[in-house]
Amino acid sequence: MASPPSSPPVPKKLKMSTTSTSSADEADPAAAPPTTAEPNRRRYKRRKIAIFLSYCGAGYQGMQKNPGARTIEGEFEEALFHAGAVPESDRGNPKRYDWARAARTDKGVSAAGQVVSGRFYIDPPGLIDRLNSLLADQIRVLGFKRVTASFNAKKFCDRRRYVYLLPVFALDANAHPDRESVVASLGSENELARCLECSERGRKVFGMMGRQLKGLKEEKRSELGRDESGRHAEIEMEGKTEILGTENELGEGKELDALSNLESADVGRELENGGEAIGTEEQPVSENKASAVVEEAESVVLFCANEEKITGTATTYIYGDMERESFNRILKRYVGTHNFHNFTTRTKAEDPSARRYIISFNADSVISIGGIEFIKCEVVGQSFMLHQIRKMIGFAVALMRKCAPESLMDNALRPDVNINVPTAPEVGLYLDECFFSSYNKKWKDSHEALTMEAYAEEVEEFKLKHIYSHIASMEYKEGAVALWLHSLNHRNYPDFRMEELKKEHPTVETEVDDLVT
């Protein structure tokens, strides 16, 4: 007798999670100790999940929790506790709920697609709404997805994609040049004269000068830092505070920075202010005059950062095919496995962690934000070190502006050579997306893929409202990139002349090599 045909096996249901609901079978039937308020309350189980979030880094000291500092992670941990995802016993102790982050962003750096993981209580439904109600508007939780018990957002992330929005004018060698070129243009019809005050401030952006050569002798430093007039130029040292910090988007602490820069200018300058000259004599500024001085300083920066608009003359620099090809050629030099010890801090060349693999680096598209055109520089790599991307962008900009020959790139990537490279401002950088390709392939039959596809529209809206608008406003208000461009000179970065010095003085080639190795 023939047996009845067997029914097809029922496919295994994926462990799926949404942004606000969870399945009913996730509840633990075990009863919790009864309370007077809720005698029949159910006790829920913790679930291992990956949480997707976006944030604007303005006003925060980075992603990673740091005692005494305002960080994204610190506020997010508190929100998890108050939302009921973390119990009182685990509050302030993220190791107890397997906390991990896919990427660690620096101070002032934003993120459109950050991923964190841990074991949290996701019931009752509405966890995402509860979290967003507790967080600031510039931190938004997009959703979460169930993951395997062994999942770790940092270890399972294959690659990360960062984007740096660079103003187009940054590649123009005639825009915001070094101080010597500005001073030389005084009294002429050259527009560079209009950048004098901006140049004086830009040359004193201490926090963006990179590290100085440890083996540089004092007499050699003076010789390399001497300007054309024969006097010894100032070389900025480490340990100074940044002028363009983003502790507060409203500019908290900006008064002291503006006053210190105006008082420390060492050459006379004349601005278009009714023909009145601003002298160089240092005078004490009373408190009732502080606001007026700050207002004047802000207007100068705004004038310089948007020079082509205020003066009524359009910039002649266009990011066309030739410029795009040249810039991409420089960026592609970073692709592959290299020793990036010159593009970070506190990491020596012999340290294995200095070797990093860059998958791709391109700058093909231009976007317009608030009337300013930005080049979208996208870099994809397995992982990055502290300030690595900002230094790679800063060095590429210096090469495009002809501050140094492109051949210097070969020396910068050599493990036996130490070169001081510039660090671009942090405001233009943001984490775009984290990828989990290997994990998705291995667990595709039982778990949802960890991608940003479901949140694409929400992420784009967040970028426009918070990240892009902040980057444009910082350029308008502070002239973040404009001020930094003035620091790209041989005084601050004597290594830019390394190849030139070797050609002009072959006999001292050995001495120059001793300075940088």
Side-chain angles (χ1 to χ4, degrees), residues 57 62-64 100-115 152-166 208 210-211 213-214 327-363 376-400 404 406-426 428-439 493 495 516-517:
M63 170 68 183
Q64 187 176 13
R101 71 192 77 82
R104 182 178 60 185
T105 55
D106 301 335
K107 169 189 171 183
V109 178
S110 303
Q114 175 70 282
V115 180
N152 182 290
K154 178 182 178 180
K155 296 179 180 179
F156 282 60
C157 184
D158 303 314
R159 49 202 168 96
R160 292 121 176 128
R161 180 173 65 211
Y162 282 83
V163 173
Y164 193 96
L165 295 185
L166 180 71
M208 299 180 181
R211 61 182 180 183
L213 301 178
K214 295 182 180 179
F327 196 35
N328 277 304
R329 181 180 66 251
I330 294 174
L331 296 179
K332 281 179 171 52
R333 299 284 292 274
Y334 295 121
V335 176
T337 302
H338 301 284
N339 192 310
F340 287 96
H341 73 102
N342 285 319
F343 295 86
T344 185
T345 57
R346 300 188 298 274
T347 300
K348 297 182 180 180
E350 55 270 20
D351 192 332
S353 64
R355 291 183 61 83
R356 300 289 165 137
Y357 176 55
I358 304 300
I359 300 173
S360 65
F361 206 158
N362 60 76
K376 194 174 183 180
C377 307
E378 295 186 0
V379 56
V380 180
Q382 287 182 336
S383 59
F384 301 90
M385 295 180 289
L386 180 67
H387 302 329
Q388 181 181 345
I389 299 176
R390 292 168 55 194
K391 283 183 172 290
M392 290 193 295
I393 290 290
F395 191 51
V397 170
L399 297 183
M400 280 292 292
E406 290 189 27
S407 59
L408 191 60
M409 176 70 78
D410 296 329
N411 289 325
L413 295 175
R414 285 175 53 183
D416 59 337
V417 175
N418 292 330
I419 292 182
N420 183 26
V421 300
T423 306
E426 74 275 6
L429 180 65
Y430 68 89
L431 172 66
D432 193 45
E433 188 172 357
C434 300
F435 299 90
F436 303 87
S437 303
S438 299
Y439 171 86
Y493 303 100
D495 294 334
V516 298
T517 58

Would you indicate whether the side-chain heavy atoms of [Y] and [X] approach each other to under 4.5 Å?
| X | Y | result |
| --- | --- | --- |
| N418 | H341 | yes |
| R333 | D410 | yes |
| V421 | Y493 | no |
| T347 | S353 | yes |
| L429 | I389 | yes |
| I359 | Y357 | yes |
| F361 | N328 | no |
| I393 | C377 | yes |

Listed by chain and number, what are the side-chain contact (heavy atoms from CB on, under 4.5 Å) partners of [X], not counting sequence neighbours?
| X | value |
| --- | --- |
| A396 | F327, I330, L331, Y334 |
| L386 | D106, T344, T345, R346 |
| S383 | R160, R356 |

Point to revise | Minimum heavy-atom distance V115-C434, with the two atoms named | key: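 Scanning both residues, the minimum pair turns out to be CG2-CB, 4.3 Å.
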Could you check whether any side-chain N or O of [X] sits under 3.5 Å from a backbone N or O of [Y], counting only pairs where one atom can act as donor and the other as acceptor?
| X | Y | value |
| --- | --- | --- |
| Q114 | A103 | yes |
| N420 | D495 | no |
| N342 | V417 | yes |
| D432 | Y162 | no |
| D351 | A354 | no |

Practice item. Show the numbers, then the answer: is there a salt bridge (Lys or Arg N to Asp or Glu O under 4.0 Å) between R390 and E426? Key: CA-CA 7 Å; R390 292 168 55 194; E426 74 275 6; 3.6 Å; yes
Practice item. Any chance you could lay out the side chain to side chain contact (heavy atoms under 4.5 Å, CB included) test for E378 and Y164, step after step, and finish with the verdict? Key: CA-CA 7 Å; E378 295 186 0; Y164 193 96; over 6 Å; no
About how many Å separate [atom2] of [Y] and [atom1] of [X], when rounded to the nearest 0.5 Å?
| X | Y | atom1 | atom2 | answer |
| --- | --- | --- | --- | --- |
| F435 | C157 | CZ | SG | 8.5 Å |
| L399 | R329 | CG | CZ | 10.0 Å |
| N339 | K348 | CG | NZ | 13.5 Å |
| M409 | H338 | CE | NE2 | 9.0 Å |
| L413 | T337 | CG | OG1 | 11.5 Å |
| H387 | M392 | NE2 | CE | 13.5 Å |

**Study point:** Residues S437, R159; criterion side chain to side chain contact (heavy atoms under 4.5 Å, CB included); working and verdict
**Key:** CA-CA 9 Å; S437 303; R159 49 202 168 96; 3.6 Å; yes
Review point. How far apart are the C-alpha atoms of V379 and R161, what are their side-chain angles, what is the distance that settles it, and do they pass the side chain to side chain contact (heavy atoms under 4.5 Å, CB included) test?
Key: CA-CA 6 Å; V379 56; R161 180 173 65 211; over 6 Å; no
Exercise for review: Kindly state whether the ring of F436 and the ring of Y439 have centres lying under 6.0 angstrom apart.
Suggested key: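 Ring-ring flag for F436/Y439: false, centres at least 6.0 Å apart.
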Exercise for review: Assess whether atom NZ of K155 is packed by more than 12 heavy atoms of other residues, nucleotides or ligands within 6.0 Å.
Suggested key: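 Open: at most 12 neighbouring heavy atoms sit under 6.0 Å from NZ of K155.
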**Study point:** side chain to side chain contact (heavy atoms under 4.5 Å, CB included) between I358 and V380, intermediate numbers included
**Key:** CA-CA 6 Å; I358 304 300; V380 180; over 6 Å; no
Practice item. Examine the side chains of Q64 and R104 and answer whether a donor and an acceptor come within less than 3.5 Å of each other. Key: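 Side-chain D/A pair, Q64 to R104: present.
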